[in-house]
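The structure appears below as C-alpha cells.
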Amino acid sequence: LLQRQVEGAGVKVMVGEKVTGVKGRKKVTGITTGNAELACDLVVWATGVRPNTALAKQAGIEIGQLGGIKVNDKMETSIEHVYACGDCVQVWDQTFGKPCLSLLWASAKEQAAVAAANCLGEPRSYPGALSVVIEEIAGLTAVSVGATEDALRNAFACEDFTVQEQETQAGYLKVIADSQRILGAQFVGNYQGAGAVAAWMRQGISPEEIKGVLANREQLKWAPWYAHGASVAQLLA
Ligand SMILES: Cc1cc2nc3c(=O)[nH]c(=O)nc-3n(C[C@H](O)[C@H](O)[C@H](O)COP(=O)(O)OP(=O)(O)OC[C@H]3O[C@@H](n4cnc5c(N)ncnc54)[C@H](O)[C@@H]3O)c2cc1C
C-alpha cells in the first residue's frame with residue numbers, strides 16, 4: 001500500500017537490494033547494488049540507530065546483549081546510584097518482557113521521568129517499552145502501535161496470535177491479538193483508534209474487557225475515549 005503511494009509520487013522503489021558501493025571522487029555520481037548501477041548526485045543513508053555506550057563502558061557499567069546500557073526497572077545501571085535513559089539503554093518489551101532497544105523520543109521521555117524520580121528518592125518503575133511509530137509517507141499517514149507480525153515471529157518467537165485486517169476507502173487497519181491482549185495494530189490512512197489501542201495496551205486491557213465497555217452505555221460514559229477505538233475493537237476476535 002505504502003509502496004504504491006510512494007511510486008504514485010514518482011519515486012522508484014527497489015526493495016531487497018543492497019547498496020554495494022558509492023561512485024565518484026570529489027562528488028557522488030552514482031551507486032552500485034548487487035544487480036544495478038544507478039546515477040545520482042545525492043545519497044541519504046537510513047540504516048538504523050545504535051546506542052552510544054562509550055562513556056558507560058569507560059565507567060565500567062554493564063552493557064546488555066543488544067548493545068544498550070543494562071538498567072533495572074528504576075533505570076538504574078549496574079553501578080548503584082548511576083541512572084541511564086533514552087537511546088543509550090537496553091530495556092524490555094512491555095508485552096513479552098524480552099530485552100529490546102526502544103529508540104524513540106516518547107520512550108526516552110518516559111524513562112527520563114522514572115530515572116529522575118528515583119534519583120530524587122521517589123520510587124518509580126518503568127513498565128517496559130511500548131512502541132508507537134508515526135510516519136507520513138508521500139502524504140499518507142502510517143501508524144504502528146506495539147508489535148508487527150514480523151517482530152512477533154522473529155524477535156519474540158511468538159506464533160500464538162490472530163491477525164485481522166480491514167481495507168476500506170478510509171485506509172488499512174491490521175490488528176494482532178491473542179485472547180488476553182492486543183499485541184499490535186498498524187494503520188495506514190485513517191489512524192483513528194491508534195491512541196485508544198496504545199492506552200489499552202499500556203493498561204493491559206483484554207479484548208474481552210474492551211468489547212464489554214463498548215457494549216455498555218453506562219461504562220462508556222466514564223471512558224468515552226474507548227469509542228475512538230471502536231473500529232479496532234470490531235476486528236477483535
Ligand atoms: C532522523 C531522526 C528522526 C527521528 N524521529 C523520531 C520520531 O518521529 N518519533 C520519535 O519518537 N523518535 C524519533 N527519533 C528518535 C528520537 O530522536 C530519540 O529516540 C531521542 O532523541 C532520544 O533521546 P536521548 O536523550 O536518549 O538522545 P539524544 O536526543 O540523542 O540526546 C543525547 C544528547 O547527549 C549528548 N551527548 C552524547 N555524548 C555526550 C557526552 N559524552 N557528554 C555530554 N553530552 C553528550 C548528545 O550530543 C545529545 O545532545 C528520531 C531520530 C532521528 C535520528
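Below, all heavy atoms of this structure are taken into account, side chains as well, without hydrogens, waters or symmetry copies. Ligands are counted one by one from 1 in listed order, and the atoms in each one are counted from 1 as well.
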Over 12 non-hydrogen atoms of neighbours within 6.0 angstrom of NZ in Lys70: no
Residue Tyr126 excluded, over 12 heavy atoms near OH under 6.0 Å: yes
Assess the side chains of [X] and [Y]: does a donor N or O sit below 3.5 Å from an acceptor N or O?
X: Ser125; Y: Lys74; answer: yes
X: Gln166; Y: Gln234; answer: no
X: Asn35; Y: Glu17; answer: yes

Residues Glu7, Arg4; criterion salt bridge (Lys or Arg N to Asp or Glu O under 4.0 Å); working and verdict: CA-CA 5 Å; Glu7 284 170 346; Arg4 272 206 312 268; over 6 Å; no
Return yes when at least one protein heavy atom is under 4.0 Å from [atom], and no when none is.
atom: atom 34 (O) of ligand 1; value: no
atom: atom 7 (C) of ligand 1; value: no
atom: atom 28 (P) of ligand 1; value: no
atom: atom 2 (C) of ligand 1; value: no
atom: atom 22 (C) of ligand 1; value: yes
atom: atom 31 (O) of ligand 1; value: no
atom: atom 15 (C) of ligand 1; value: yes

Pairs involving residues 182-205, ordered by first then second residue, that meet salt bridge (charged side-chain N to carboxylate O under 4.0 Å, His left out) (sequence neighbours left out): Glu110-Arg202
Proximal ligand 1 atoms for [X], defined as those under 4.0 Å from one of its heavy atoms:
X: Leu103; answer: 15 (C), 19 (O)
X: Gly86; answer: 26 (O)
X: Ala108; answer: 22 (C), 23 (O)

[atom]: which protein heavy atom is closest, and how many Å away?
atom: atom 41 (N) of ligand 1; result: Leu55 CD2, 4.0 Å
atom: atom 37 (C) of ligand 1; result: Asn52 ND2, 5.0 Å
atom: atom 12 (N) of ligand 1; result: Trp105 N, 3.1 Å

Ile176 side chain near Gln186 side chain, heavy-atom distance below 4.5 Å: yes
Residue pair Arg50 / Leu101, side-chain heavy-atom distance below 4.5 Å: no
Heteroatom distance test (Asp87, ligand 1): nitrogen or oxygen, under 3.5 angstrom: yes
